[in-house]
Amino acid sequence: MDRIERLRLFLIESPIKMARLQGVGNIKGTVKRVLLELTTANGIVGWGEAAPWEVFTGTSEAAFAAIDVYLRAHVIGAPVNRIRELTRTMDKALVGHSEAKLAVETAMFDILGKSCALSIADLLGGRVRDTIPLSFSIADPDFDADMRRMKIMVEGGHRIFKVKTGVKSHAEDMAHLQAMRDAFGDKIDLRLDYNQALKPFGAISILRDVDQFRPTFIEQPVPRDCLMAMASFARDLDTPILADESCFDARDLMEVIRLTAADAISVKLMKAGGILKAQALMAIADAAHLPAYGGTLWEGGIALAAGTQFIAAAPGMSLGCEFYMPHHVLTEDVLEERVGNEEGHVVVPDGPGLGIKISEASLRGNARILAER
């Protein structure tokens, strides 16, 4: 039985093309993330990525330390075909740090797929889709710049745009939504994301205002613990309510379902803490007939590939994904060739494991390495 023999860890920083106003927090200049390389005794290499956000789940520095100090001893020597056992071991060894555990699990799946010439989607039960509709977030402080991007993207076949609302004034939000509908009409699938920006008291009047623009959903309008308010919005509005920060794990989802607090959920591998845990989350969502959307933080190509493999094998992940970072925001990425992006869709890689390639040259030539172990 092949086992993990070596673990390499990289804390990297990458420049981004534009500032991002995200409601719960803003990004400008660069983003940090952690890359993990595992190598087996037989020489098979697997890659994983941890991409936390300090205002959402944690820091990249903490994810780096979690793997290096607390998880390394459990990963070295682990059998490549006992991934679930390793995830249980990691949960016992360390509380939280979902992104760090995801990075390990992803690299293990990458190795297992390569060892048997199957993609991760194949290992998860097989594909139900080969491409995933791509959602781009309208979050540039310069709205005119976003409108210029939208024009180019719509002409290229892109359809889904998610507007980060609640960051600017309500009047500005209304004006921007009107401008988008005036410019593109029903050519675009318009979605709104407040990232918890509204207070429950008075939020319903704001949401009724934006309802007129016929968004596909309104994501997380109020803080994550305000589930009764979320339930009232889901009951009173025509537009479906999507839970993101209110739904990190299976326990959160069961409470969302109990209170009828959302019509759909956002599934992020970073907050779920693993592909297997995300699968378990979707089993509950499927039973409750709640569709799901592939959310993102600040991931690069490795994590994007993992997300596409997961969504490819998850029927209920039917609302598309927002895996736009490597193509539209990062100025560089460590993959030798980026994951395909065609006519407004992410193309699920075909190769074994993650279906991506990383070399020492592509790693060191396309990232600023802040720490290495």
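Residue numbers start at 1 and run along the sequence shown.
- Around the CZ atom of Arg364, the shell of radius 6.0 Å holds more than 12 heavy atoms that belong to other residues, nucleotides or ligands.
- No more than 12 heavy atoms of other residues, nucleotides or ligands sit less than 6.0 Å from atom CZ of Arg82.
- Residue Ile160 is not grouped with residue Phe213 when hydrophobic side chains (ILVMFWY) are merged at heavy-atom distances under 4.5 angstrom, including chains of intermediate members.
- Shown here is Arg8, whose CZ atom has more than 12 heavy atoms of other residues, nucleotides or ligands within 6.0 Å.
- Defined by atom type and a distance below 3.5 Å, a donor-acceptor pair is present between the side-chain atoms of Glu336 and Ser359.
- Between the Arg6 side chain and the Val45 main chain, no donor and acceptor come within less than 3.5 Å of each other.
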>> Checking Leu124 against Gln309 for the side-chain contact (heavy atoms from CB on, under 4.5 Å) test, could you report, in this order, the C-alpha distance in whole Å, the side-chain angles of both residues, the deciding distance, and whether it holds?
In response: CA-CA 9 Å; Leu124 297 175; Gln309 294 288 341; 5.5 Å; no

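- For Asp189 and Arg191, the salt-bridge test passes: some basic side-chain N is under 4.0 Å from an acidic carboxylate O.
- Between the side chain of Glu322 and the backbone N or O of Ser137, no donor-acceptor pair lies under 3.5 Å.
- A donor-acceptor contact shorter than 3.5 Å is absent between the side chain of Asp182 and the backbone of Ala179.
- The 12-atom threshold is exceeded at CD of Gln212, counting heavy atoms of other residues, nucleotides or ligands nearer than 6.0 Å.
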> Does the pair Ile132 and Arg129 meet the rule for a side-chain contact (heavy atoms from CB on, under 4.5 Å), with working shown?
Replying inline: CA-CA 7 Å; Ile132 307 163; Arg129 56 180 65 87; 4.1 Å; yes

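- In summary, the side chains of Ser246 and Gln220 do present a donor paired with an acceptor at a separation below 3.5 Å, with no hydrogens or angles considered.
- Other residues, nucleotides and ligands contribute only 12 or fewer heavy atoms inside 6.0 Å of the CZ atom of Arg368.
- The existence of a salt bridge linking Glu255 and Arg251 is excluded, since no basic side-chain nitrogen approaches an acidic carboxylate oxygen closer than 4.0 Å.
- Side chain of Asp333 to backbone of Gly301: a donor-acceptor contact under 3.5 angstrom is found.
- With hydrophobic clusters built from ILVMFWY side chains whose heavy atoms lie under 4.5 angstrom apart, Ile120 shares a cluster with Leu276.
- Atom OH of Tyr70 sits in a sparse spot, with 12 or fewer heavy atoms from other residues, nucleotides or ligands closer than 6.0 Å.
- Taking the six-membered ring for Trp and thresholds of 30 and 60 degrees, Phe136 and His158 have ring planes more than 60 degrees apart, a perpendicular arrangement.
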Show me the donor-acceptor pairs, under 3.5 Å and distance only, between side chains in residues 230-238 and residues at least two apart or in other chains.
unit_1: Ser232; atom_1: OG; unit_2: Ala229; atom_2: O; d: 2.6

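- With 3.5 Å as the limit, one finds a donor-acceptor pair spanning the side chains of Asn195 and Glu245.
- Side-chain N or O atoms of Arg373 include none that pairs as donor or acceptor with a backbone N or O of Phe10 at under 3.5 Å.
- Of all non-hydrogen atoms in Ala107 and Gly48, the two that sit nearest each other are CB-N, 3.8 Å.
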>> Could you go through Thr131 and Glu342, starting from their C-alpha distance and side-chain angles, then the distance that decides it, and tell me whether this counts as side-chain contact (heavy atoms from CB on, under 4.5 Å)?
In response: CA-CA 9 Å; Thr131 63; Glu342 298 176 0; over 6 Å; no

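- Taking a 4.5 Å side-chain heavy-atom cut-off between Ile, Leu, Val, Met, Phe, Trp and Tyr, the cluster of Leu242 extends to Phe217, Tyr293, Leu319.
- Ring geometry for Phe161 versus Phe184: interplanar angle under 30°, hence parallel rather than tilted (30 to 60°).
- There is a path of hydrophobic side-chain contacts, each under 4.5 Å, that joins Leu123 to Ile311.
- A salt bridge does not link Arg149 to Asp142: none of the charged side-chain nitrogens sits closer than 4.0 Å to a carboxylate oxygen.
- Under the 4.5 Å side-chain heavy-atom criterion for grouping Ile, Leu, Val, Met, Phe, Trp and Tyr, Ile111 is connected to Leu118 within one hydrophobic cluster.
- The hydrophobic cluster containing Val348 does not contain Val128, counting ILVMFWY residues as joined when their side-chain heavy atoms lie under 4.5 angstrom apart, directly or transitively.
- By the 6.0 Å contact criterion, CD on Glu372 is enclosed, its count of non-hydrogen atoms from other residues, nucleotides or ligands being greater than 12.
- With hydrogens and angles ignored, the 3.5 Å screen pairs no side-chain donor or acceptor of Lys32 with any backbone N or O of Pro52.
- The closest donor-acceptor contact from the side chain of Asp252 to the backbone of Phe248 lies under 3.5 Å.
- For the residue pair Asp173 and Thr165, no side-chain donor N or O sits within less than 3.5 Å of a side-chain acceptor on the partner.
- A donor-acceptor pair is defined here as one N or O able to donate and one able to accept, closer than 3.5 Å; such a pair exists between the side chain of Asp2 and the backbone of Ala41.
- Contact check for Ile138 versus Met150: side-chain heavy atoms found under the 4.5 Å cut-off.
- Put simply, the side chain of Arg33 never gets that close to the backbone of Ala51: no donor and acceptor are under 3.5 Å apart.
- Shown here for Asp110 and Gly353, the closest heavy-atom pair between the two residues is OD1-CA, 3.5 Å.
- Panel note: side chain Glu54, backbone Ser60; no donor-acceptor pair is recorded below 3.5 Å.
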